[in-house]
Amino acid sequence: MGLKMMGSKIRIGVLVSGGGSNLQAIIDACEKERIDGEVVFVGSDNPVAGGLSRARKHHIPTWAVDYQGIMAKGMRSPNGPELPAEADIEAVFAKLDPVQQKAPKAKKQLSCRIAFEAAALKMMQETPFDLLVLAGFMRLLSPFFIDAVNQHKSLPRIMNIHPALLPSFPGTDGYGDTLAYGCKVAGCTVHFVDYGEDTGPIIGQRAFAVTPADTIETVRKKGLELEWQLYPECIQLFAQKRLQLIRQKANEHSGRSKRRTVVTITP
Ligand code: GRF
């Protein structure tokens, strides 16, 4: 999994769990040269994900690792799943954010997630890539997987799209949570993946007005249409090497200062 570029095109790996409309937008943008890149594989935690069929139609190699099967088997077994020798469960656990550490059966859950991730990484080894794009991939990735992909800390290379204006409404139902809260603006966010849930440095966002006539269906439809524009644009910024991470200091009202890693986009 080196960082070697193929000509001027980046090699993009995509992970999906569902229908894959974002995947389709990315494939189309590559074909129309709105992204200087090529999708080199599509992987899934769900063997029947619609995104896998979309990929096959474009002759893109696919694979699936059955997340639910691995979790069920691992949680049933008294000693948890068998893990690869390089997986140091205590070290990975220490890197989890406190919310995940406090979840019930957190360590056993983590070892099952690592078993899934090790199998996924094995599949990914077959196809070198420069950027890994999560496109409706509905599983939290642990530090074991993230560190294996991000070999250089200064150059993260896992991106995600989230259906809300982060940092509001992380989690699995961004549009639903936005509407239920009574927000007058909704939107989507593309960010690099870090150890938290939807907490990584923000690359791009798009917003739209929520009107009294909106329902969850119309909000999702409007949001998805913006996602299909935003994701390819952010991937193209990566392909053009225009994304940089900086440590930024912000002063809080309390007078204390807080540091955060943010993305800057070079013109
Ligand atoms: C999108 O709304 C994305 O933001 C969220 O899951 C949905 C996936 O849709 N993470 P699709 O599979 O790309 O159609």
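Order of listing sets the numbers, starting from 1, for every ligand and every atom in it.
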- prompt: Is the closest basic N to carboxylate O distance between Glu90 and Lys107 below 4.0 Å?
  reply: yes
message: Check whether Phe129 forms a cation-pi arrangement with Arg157 (NZ or CZ under 6.0 Å from the six-membered ring centre, at most 45° off the ring normal).
response: yes
statement: Heavy-atom closest pair (Leu132 atom, Val14 atom, distance to 0.1 Å) is CD1-N, 4.3 Å
statement: Closest heavy-atom pair, Ala207 versus Leu165, reported as atoms and distance to 0.1 Å, is CB-CD1, 4.0 Å
query: Looking only at distance, does Gly20 have an N or O less than 3.5 Å from an N or O of ligand 1?
result: yes
- request: Decide whether an N or O pair under 3.5 Å exists between Asn22 and ligand 1.
  value: yes
- prompt: Just heavy atoms, cut-off under 4.0 Å: does Arg220 contact ligand 1 by side chain, backbone, both, or neither?
  reply: neither
With heavy-atom distances below 4.0 Å as the criterion, list the atoms of ligand 1 near [X].
X: Glu227; result: 1 (C), 2 (O), 3 (C), 4 (O)
X: Gly136; result: 6 (O), 8 (C), 10 (N)
X: Ser21; result: 11 (P), 12 (O), 13 (O), 14 (O)

query: Under a heavy-atom criterion of less than 4.0 Å, does Gly19 contact ligand 1?
result: yes
message: Quick check on Val16 - does any of its heavy atoms sit under 4.0 Å from an atom of ligand 1?
response: no
Test item: Cys183 and Phe169 side chains (from C-beta on) under 4.5 Å apart, heavy atoms: yes
task: Measure the distance from atom 10 (N) of ligand 1 to every protein heavy atom, then report the residue, atom name and distance (to 0.1 Å) of the closest one.
output: Ile161 O, 3.4 Å
- prompt: Testing Val133, Ile12, Ile26, Leu23 for side-chain contact (heavy atoms from CB on, under 4.5 Å) with Val42, which one passes?
  reply: Leu23
query: According to the interplanar angle, ranging from 0 to 90°, do the rings of Tyr175 and Phe208 count as parallel (below 30°), tilted (30 to 60°) or perpendicular (above 60°)?
result: tilted
